[in-house]
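Letters go in sequence order (proteins before strands), and every chain restarts at 1. These numbers come from a predicted model, not from an experiment.
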Amino acid sequence: MRATLVRTWLMVGALATALATPALAHTGEGGAGGFLAGFAHPLFGPDHVVAMVAVGLWGAFLGQPAIWLLPVVFPLVMACGGVLGIVGVPIPAIETGIAASAIVLGAMVAFAARPPLWTAAVLVGAFAIFHGYAHGRELSDGANAVAFAAGFVIATGTLHLCGITFGLLARWPAGRLAVRAAGGAIALTGAAYLGGLV
Amino acid sequence: VSAGFADGMMLAVAPTHLLAIVAIGLLAGRGGRGGFVLVLFVVGMLAGSLAIASAIRETPSALVLLALAALAGIMVAAAIGLPSILVNVLTFATGAALALDAPPQAIGIAAAIASQIGTGVAAAAVLLLVVSIATRADRPWQRIGIRVVGSWIAASVILALALRLAR
């Protein structure tokens with residue numbers, strides 16, 4: 001039953017990918033307005049927000065050590081993706097990858113998937129590349145570049161913490177249902193972005 | 001002179017400097033190296049200040065600081081313990097690079113010296129605070145928190161470093 005559901009989700013994802021138009025969270029606008037501008041930057045990209053919350057949710061769902069490993073790994077890999085964006089290494093379908101991250105990570109939570117830790121880390125790390133690349137492309141050099149980068153890294157980490165906090169509800173049966181429902185909502189949001197409905 | 005001192009203190013908490021101090025403080029604190037690290041850091045700052053006083057040419061001190069912060073942040077995030085000698089070298093280098101990257105803006109000699117002293121006092125105070133916190137962080141969630149902060153610092157400075165080098 002679960003395998004059928006996963007297959008269905010994967011088909012929906014593949015169909016949405018085929019029909020995808022670029023999501024608009026990352027508009028190409030840069031900014032070096034300091035820490036607050038950097039902190040606000042990821043918060044105004046709903047596709048980014050839901051994916052980051054999903055990382056935290058999944059980490060909490062998987063329990064120790066994923067609950068802290070994923071939020072430690074994600075920023076570092078995201079920075080590597082950011083470097084690729086800054087340097088200008090061409091990576092295709094970045095916005096599609098970001099939306100797909102919400103779909104896949106949300107689905108993992110919704111279906112209570114518990115893959116091996118290394119699989120979860122690789123999956124989250126791969127999506128971190130897309131998110132970091134999009135941010136790196138939009139970063140502009142300036143006197144406040146360090147503060148800006150610190151701002152959006154901390155905002156991203158804060159979104160993870162929000163997801164982890166909510167995900168801790170999974171310790172109780174009703175909370176587990178709520179967390180899985182949130183995962184489903186995140187996956188649907190990602191699908192909507194991917195299909196250009198948002 | 002007092003204005004120069006205050007200006008110097010503010011230089012110590014500029015984003016690049018602050019991240020470098022916190023990163024090296026966490027690295028040293030996790031290794032249980034308290035007082036000696038502080039002495040090394042201050043000696044490094046003195047060396048950097050002397051280099052400024054001897055009218056050294058412009059140095060890539062900001063890039064060095066970012067690179068040192070990235071290295072320290074990654075080590076903290078990965079919970080990799082470095083040999084004492086390497087932590088000592090990193091601490092000295094961070095102090096020297098910080099002093100070189102915070103040249104006094106004052107015109108008069110007295111104000112310039114006050115500015116450098118202000119930078120040194122503020123930087124050493126922040127380092128002492130961070131080392132103290134990291135040394136006392138024994139509970140699992142505290143150690144995880146330190147690793148997360150290390151990860152955030154490393155990610156921030158890697159991006160900033162890439163920006164500086166690429167554009």
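- Using a 4.5 Å cut-off between side-chain heavy atoms of Ile, Leu, Val, Met, Phe, Trp and Tyr, with links allowed through other members, Val83(A) and Val77(A) fall into the same hydrophobic cluster.
- Residues Ala155(B) and Leu76(A) approach most closely at N-CD2, 4.2 Å, considering heavy atoms.
- Counting all heavy atoms, side chain and backbone alike, Ala149(A) lies closest to Ser156(B) at CB-O, 3.6 Å.
- Contacts of Leu66(B) with chain A are made by side-chain atoms alone, with heavy-atom separations under 4.5 Å and no backbone atom involved.
- When hydrophobic residues (I, L, V, M, F, W, Y) are linked wherever their side-chain heavy atoms come within less than 4.5 Å, Trp141(B) remains an isolated member.
- Listed here is the closest heavy atom pair of Ala145(A) and Leu163(B): CB-CD1, 3.9 Å.
- Note on Leu127(B): it clusters hydrophobically with Leu82(B), by side-chain heavy-atom contacts below 4.5 Å among ILVMFWY residues.
- Nearest heavy atom pair, residue Ala79(A) against residue Leu159(B), reads O-CD2, 3.7 Å.
- Linking ILVMFWY residues whenever their side-chain heavy atoms come closer than 4.5 Å, directly or via other members, leaves Leu50(B) and Ile109(B) in distinct clusters.
- Within the 4.5 angstrom heavy-atom criterion, only side-chain atoms of Leu19(B), from C-beta onward, approach chain A.
- Proximity to chain A is limited to the side chain of Ala166(B), based on heavy atoms less than 4.5 angstrom apart.
- Applying the side-chain contact (heavy atoms from CB on, under 4.5 Å) rule to Ala124(B) yields the partners Leu38(B), Val42(B); only residues at least two apart in sequence or on another chain are considered.
- Other residues, nucleotides and ligands contribute more than 12 heavy atoms inside 6.0 Å of the CZ atom of Arg114(A).
- Under the 4.5 Å side-chain heavy-atom criterion for Ile, Leu, Val, Met, Phe, Trp and Tyr, Ile94(A) and Val87(A) are members of the same hydrophobic cluster.
- One hydrophobic cluster, built from ILVMFWY side chains closer than 4.5 Å, cannot hold both Leu27(B) and Ile85(B); they sit in different ones.
- For the atom pair Ile86(A) CD1 and Leu165(B) CG, the distance stands at 10.0 Å (nearest 0.5 Å).
- Contact residues of residues 115-124 of chain A toward chain B are absent (heavy-atom distance under 4.5 Å).
- At a heavy-atom separation below 4.5 angstrom, chain B is approached by Ala150(A), Phe152(A), Val153(A), Ile154(A), Gly157(A), Thr158(A), Leu161(A) within residues 150-161 of chain A.
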